[in-house]
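These figures come from a predicted structure and were not determined experimentally. Residue numbers run from 1 in the order of the sequence given.
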Amino acid sequence: MIQTNYNPDVLTCLANLSNDEVFTPPNLVNDILDLLPQELWCNPDAKFLDPVCKSGVFLREIAKRLMLGLEQIIPDKQQRINHIFKNQLYGIAITELTSLLSRRSVYCSKTANHEKYALCTEFTDAQGNIRYERMQHTWTNTERSRSEGQKCAFCGASRQVYDRDDALETYAYNFIHYDFPDVERSRNDRSQNARNQSPIQKIFNMKFDVIVGNPPYQLSDGGAQASAKPIYHLFIQQAKKLNPRYLTMIIPARWYAGGKGLDSFRNEMLQDNRLKILYDFLDSFDCFPTLGHNQIKGGICYFLWDRDYKGDCSIFSVQNGIVKSITKRPLLEKNAASFIRFNEAIPILRKVLAQNEESFSQIVRPAMTFGFRTFFKDFDSTIPKENHVKVYANRTQGYIKRNKVSQSTDWIDKWKVIVPEAIGVGDMTKDIIKPIISEPN
C-alpha cells in the first residue's frame, strides 16, 4: 500500500512550481531526514510534527522509514499503518489547499476517513492528524502602525495586503498565530481545559521527538515594490518553545547577516550551542534546481538542532552540489561579529587575530562619511575652481566647494577606496565589486 519505488514522483513535479513558499523535493527531504538518529525509525513511541505542511512530503517520507523500521515490532501491515498515522505523525498545514494536498500524499486520500480509500482505519474525522483551521491576523493599533498601516502582532503582515474576505487565504499561518510563551510550564494548565481546545491547540500540548519542515519564507509588508518581511525565523522560534528532542528545518541563509527583523534571531542562533549540524548551500539551485528566476538570494541552509547537545557545530559547505569542506567549529567565531560562511577562512582569521594588530575596521567609514547621501545632486560637473573638491555621485563625478563638506574633513586629503555598502542580485557570477580609487582632494 505504501510504495518504495516511484517514478515519476508527483511531489517532485510539484516542487517545480515553487515560489516564496517553496515545495521541497523528496530527495532533499531525505537528505534532511538523514541528519536524525537512525534509532528513531525503530521507535514506536517517537512522535513527529511538520508544522508547515505543503505537499506532505516530509510526513510521507517519515512514514516510509517507520514502515520499514517497525516491521519487526509490529509485523501486521495494517496495524503498523494505523499505529504510525494515528500515534506518530502530525502535521499543521499552511493553507486549506495544502491541507488537502498533504492528506492526499500521506493518507492517499484528501479525507483521512474516506470510506473506500482510508489508509488508516482508525481515523474518525476527515482531517486526521493533518490539521488546518482558517485564522485571521491580529492587527495592531499603535502610533507606528497608524502611520505605516496596521501590522499583524504575530507575523508582521500588512493589513492593507492580507485583510481579506472569506473567499481568499489570509496566510495567517496556524503555527505562529498562537501565543504560548512557556510551553513546559503551561502545558498542564492547558491540558486541563482540553475540552475547549481546537485540534491544533491539542497538538501544541503534545511532546514531540522531532519537528521538521520547510516554512514559508516571507510575507509582503506593504512597502514599496516587492518589499517583504522575513517570517521563517518565527517558525523556528515557535518550534523551540515546544521543546522537541530534535528540530530540523530548511530556510534561506540570509539570516547569517541579520537584516530586516533578523538581527535578534541571528544572535540567538549563533549563540545556541545546541545547533549540531549545518548544511550551507551558496546557491539555492543546489537545493531547488527548478526555481528559475525565483532564485533565493544568498543561498539556502538546513540544520539539526539537538536539545541535549552542547558543543561546536559541524558545518558542511556545499558548492555546485558537492560538499567542498567540513569543519566543526563555533557558529560565532571568537572576536567575529557574525557568522563566517567559508570554512577555509577560519584559519586565516585566527592567524590574523593572533597578531593582535589594529583592526581594519578602524580605517573603515560607513555611508554618509562626508555628510552626503549617495544620490545627492548638488554638485558642478564643469572644470573645478579654486577651493573645490572632487566628488563621486550618481555614477558620475563633479565638484563642490570644500567648505560644503560637513563631516570627516580630515579624510579629504587622504587616499580612499570607495566600495558599495551592498551589492548585486545574489548571483555570485555577476556580483563583482568595482571600487573607486579616490585620490586626495
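In this structure, CG on Leu66 lies 11.5 Å from CD on Glu61, to the nearest 0.5 angstrom. Distance NZ/Lys328 to CZ/Phe316: 10.0 Å, rounded to 0.5 Å. Rounding to the nearest 0.5 Å places CG of Leu168 at 7.5 Å from CZ of Arg134. Here the straight-line distance linking atom CZ of Phe339 with atom CE of Met269 works out to 10.5 Å at 0.5 Å rounding. Atoms SG and CG, from Cys313 and Leu332 in turn, are 12.5 Å apart once rounded to the nearest 0.5 Å. To the nearest 0.5 Å, atoms CG (Asp308) and CZ (Arg274) are separated by 9.5 Å.
Of the candidates Leu262, Asn214, Ile250, Val52, Tyr232 forms a side chain to side chain contact (heavy atoms under 4.5 Å, CB included) with just one, namely Leu262. Put simply, the residue from Leu247, Ile62, Leu49 that forms a side chain to side chain contact (heavy atoms under 4.5 Å, CB included) with Val212 is Ile62.
In this structure, His83 contributes its side chain and Gln79 its backbone to no donor-acceptor pair below 3.5 Å. Formation of a donor-acceptor pair under 3.5 Å by the Ser109 side chain with backbone atoms of Arg104 is not found in this model. Checking side-chain atoms of Thr248 against main-chain N and O of Leu304 turns up no donor-acceptor pair under 3.5 Å. The backbone N or O of Gly91 sits nowhere less than 3.5 Å from a side-chain atom of Asn129 that would complete a donor-acceptor pair. Using a distance-only test at 3.5 Å, with no hydrogens or angles considered, a donor-acceptor pair links the side chain of Arg103 to the main chain of Gln127. Judged by distance alone, the side chain of Asp50 and the main-chain N or O of Phe58 form no donor-acceptor pair under 3.5 Å. Although no hydrogens or angles enter the test, the distance criterion places no donor-acceptor pair under 3.5 Å between the side chain of Asp286 and the main chain of Leu282. Not a single donor-acceptor pair under 3.5 Å links the side chain of Arg329 to the backbone N or O of Asp312. Asn30 places a side-chain N or O within donor-acceptor distance of the main-chain N or O of Pro26, the cut-off being under 3.5 Å.
Using a 3.5 Å distance cut-off with no hydrogens or angles, the side chains of Gln150 and Gln160 do not pair a donor with an acceptor. With hydrogens and angles left out, the side-chain atoms of Asn113 and Thr124 include no donor and acceptor closer than 3.5 Å. Under 3.5 Å, the side chains of Ser102 and Ser99 contain no donor-acceptor pair of N or O atoms.
With respect to Arg350 and Glu333, a salt bridge is recorded, a charged nitrogen being found less than 4.0 Å from a carboxylate O. The pair Arg65-Asp34 meets the salt-bridge criterion, since a charged nitrogen lies less than 4.0 angstrom from a carboxylate oxygen. Between Asp272 and Lys240, at least one side-chain N (NZ, or NE/NH1/NH2) sits under 4.0 Å from a carboxylate O, which counts as a salt bridge. Ionic pairing of Arg245 and Asp306 is present here: one or more N-O contacts between side-chain nitrogen and carboxylate oxygen are shorter than 4.0 angstrom. Classification of Asp280 and Lys324 as a salt-bridged pair fails, no side-chain N sitting under 4.0 Å from a carboxylate O.
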> So Tyr90 and Phe208, ring-ring contact (aromatic ring centres under 6.0 Å, His included) or not? Walk me through it.
Replying inline: CA-CA 9 Å; Tyr90 298 83; Phe208 290 98; 5.7 Å; yes

>> side-chain contact (heavy atoms from CB on, under 4.5 Å), that's the test. Do Ile436 and Val417 meet it? Break it down for me.
In response: CA-CA 6 Å; Ile436 297 170; Val417 179; over 6 Å; no

>> Would Cys152 and Thr140 count as a side-chain contact (heavy atoms from CB on, under 4.5 Å) here? Give the steps.
In response: CA-CA 6 Å; Cys152 176; Thr140 58; over 6 Å; no

>> What verdict does the side-chain contact (heavy atoms from CB on, under 4.5 Å) test give for Asn273 and Leu275, after you've listed the backbone C-alpha separation in whole Å, the side-chain angles of each residue and the deciding distance to 0.1 Å?
In response: CA-CA 5 Å; Asn273 60 5; Leu275 276 167; over 6 Å; no

> side-chain contact (heavy atoms from CB on, under 4.5 Å) between Tyr309 and Arg307: does it pass, once the steps are laid out?
Replying inline: CA-CA 6 Å; Tyr309 176 77; Arg307 184 189 65 201; over 6 Å; no

>> Does Arg131 form a salt bridge (charged side-chain N to carboxylate O under 4.0 Å, His left out) with Asp125? I'd like the steps, not just the answer.
In response: CA-CA 11 Å; Arg131 314 302 304 192; Asp125 73 337; 2.8 Å; yes

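Annotation: side chain of Glu133 is in contact with side chain of Ser198 (closest heavy-atom distance under 4.5 Å). When side chains are defined from C-beta on, Tyr302 does not count as touching Met249, because their heavy atoms never get closer than 4.5 Å. The shortest side-chain heavy-atom distance between Ile277 and Trp305 does not fall under the 4.5 Å cut-off. Side-chain contact between Thr98 and Tyr132 is absent, with no heavy-atom pair separated by less than 4.5 Å. With a 4.5 Å cut-off on side-chain heavy atoms, Gln218 and Lys229 do not count as touching. In this structure, Leu331 and Leu270 have side chains that are in contact, with non-hydrogen atoms separated by less than 4.5 Å. A heavy-atom distance below 4.5 Å is not found between the side chains of Ile346 and Thr327. Within the 4.5 Å cutoff, the side chain of Tyr162 has no heavy atoms near those of the Thr170 side chain.
Of all heavy-atom pairs between Val419 and Pro435, the closest is CG1-CB, 3.7 Å. Of all non-hydrogen atoms in Leu219 and Cys155, the two that sit nearest each other are CD1-SG, 3.7 Å. The shortest non-hydrogen separation linking Pro44 to Ile73 is CD-CD1, 4.1 Å. The two residues Asp45 and Gln88 make their nearest non-hydrogen contact at N-NE2, 4.2 Å. The two residues Ala253 and Gly298 have their closest heavy-atom pair at CB-O, 3.6 Å. Across every non-hydrogen atom of Gln78 and Leu119, the tightest pair is NE2-O, 3.1 Å.
Listed by first and then second residue, the ring-ring contact (aromatic ring centres under 6.0 Å, His included) pairs involving residues 28-54 are Trp41-Phe48 (not counting sequence neighbours).
For Arg365, there are no salt bridge (charged side-chain N to carboxylate O under 4.0 Å, His left out) partners, not counting sequence neighbours. Here Tyr107 pairs with Phe85, Phe123 under the ring-ring contact (aromatic ring centres under 6.0 Å, His included) rule; sequence neighbours left out.
For NZ of Lys334, the number of neighbouring non-hydrogen atoms (other residues, nucleotides, ligands) closer than 6.0 Å is 12 at most. Heavy atoms from other residues, nucleotides or ligands lying under 6.0 Å from CD of Glu96 number 12 at most.
Ring centroid separation for the pair Phe303 and Tyr279 does not come in under the 6.0 Å cut-off.
Between His114 and Tyr117, the ring planes are tilted. Angles from 30° to 60° get that label.
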